[in-house]
Student: 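Just dropping this structure here.
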Amino acid sequence: MEIMHVVFVLTILCFGLANGQIYDVLKFGAKGDGTTDDSEPKLSATQRPTQLHFQGCSNLQITGITSVNSPKNHISISNCKNVVITKIKLVAPDLSPNTDGVDISGSSNVNIFDTIIGTGDDCVAINTGSINIYITRMFCGPGHGISVGSLGRNGEESEVENVLVTDCTFNKTDNGARIKTWPNGKGYARNIAFKNINLIDTKNPIIINQNYIDKGRILDVEKSAVAISNVTFTDIHGTSQLDEIVKIDCSKVTYCKNIILDQIDITTVNGKKPIVECNNVYGKSSNGNEIDGCFMQQ
Ligand SMILES: *[C@@H]1O[C@H](CO)[C@@H](O)[C@H](O)[C@H]1NC(C)=O
Ligand SMILES: *[C@@H]1O[C@H](CO)[C@@H](O)[C@H](O)[C@H]1NC(C)=O
């Protein structure tokens, strides 16, 4: 089967352009012949560009493309409204740094469905200013799963709300359903649900990390945090590569509130008893004692 390689690098600015306009990347100077537009391969991570960057677009549709080995993240959607992304395939080796599939920030009403993403970083990263994000029927792997964040870096105020991820498969990913925030941020991440998620040898299937920092940074004393509330994990099933199937490590300043763990049916690959680790979490579970022990007494 022949696949179309998207090897050019492009920023599309949609300010002031009419709705329904079709952007043909070839009209933006790309040749699309598989070599001519390839980006400089020797650049460092911060210099490497995003493959396809959409800025300020309304009623954007991205359909039927395959992007292979983006120099950095494959697609970024920033400050856009009403976005549909469907039937795309994004591919990069599992050890390629920062090759996120789709990064979303400052955008609302983004629907992503029937997609295949396998890269060296997040399949989707949902960043600050994202509202009404719906992801369904994604096959993710390899990669780092679907992440909200990281939020609140350098004390920044971050807001993410109304995120629904359903009917997705994570195959051998480093994380499954993840929320990550830096210490000392502000704002909130709320009304987030992961439902009917199938795990194949996934590491960290369910993970909230409010002490997220880059390698080499020192963790400051925590004075504030991005407040996490109303997060549901329902019908999460399959196999975990590690014994720890749930890790919810929340801020001791804000706590995580109204966290629901329902129908969690995860076994470990090596047959060992699954481990659940929680800090500073309020919520409930239908799963009985093992997971109930995760929550603080109200
Ligand atoms: C999961 O990924 C592995 C490669 O890492 C692949 O061999 C396998 O077929 C995938 N599983 C499914 C169900 O696609
Ligand atoms: C909690 O989040 C769900 C979406 O996951 C939303 O439908 C519901 O209204 C939220 N509840 C509250 C109290 O905000």
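Counting from 1, the numbers follow the sequence of the chain as shown. Just so you know, these numbers come straight off a predicted model, no measurement behind them. Just follow the structure's listing: the first ligand is 1, and inside any ligand the first atom is 1.
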Student: Is it true that Asp121 and Thr119 share a donor-acceptor pair across their side chains at a distance under 3.5 Å?
Tutor: no
Student: Look at the rings of Tyr212 and Trp182 and say which category their plane angle falls in: under 30° parallel, 30 to 60° tilted, over 60° perpendicular.
Tutor: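 Plane angle over 60°, so perpendicular.
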Student: Between Cys57 and Cys80, does a disulfide (SG to SG under 2.5 Å) hold up when you go through it step by step?
Tutor: CA-CA 5 Å; Cys57 303; Cys80 294; 4.1 Å; no
Student: Go through ligand 2 atom by atom and flag the ones less than 4.0 Å from a non-hydrogen atom of Asn230.
Tutor: 1 (C), 2 (O), 3 (C), 8 (C), 10 (C), 11 (N), 12 (C), 14 (O)
Student: Just checking, any donor-acceptor pair under 3.5 angstrom between side chains of Thr136 and Thr166?
Tutor: yes
Student: Identify, chain by chain and in numerical order, each protein residue with a heavy atom under 4.0 Å from an atom of ligand 1.
Tutor: Phe139, Asn171, Lys172, Ile200
Student: Tell me, which pairs form a salt bridge (charged side-chain N to carboxylate O under 4.0 Å, His left out) where one or both residues lie in residues 135-148, sequence neighbours left out?
Tutor: Asp114-Arg137
Student: Taking only heavy atoms of Ala193 into account, list the atoms of ligand 2 that are under 4.0 Å away from them.
Tutor: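 By the 4.0 Å cutoff, the relevant atoms are 5 (O).
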Student: So does Lys203 pair up with Asp174, basic N to acidic O under 4.0 Å?
Tutor: yes
Student: So does Gly155 get a backbone contact from the side chain of Asn184, meaning a donor-acceptor N/O pair under 3.5 Å?
Tutor: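 No.
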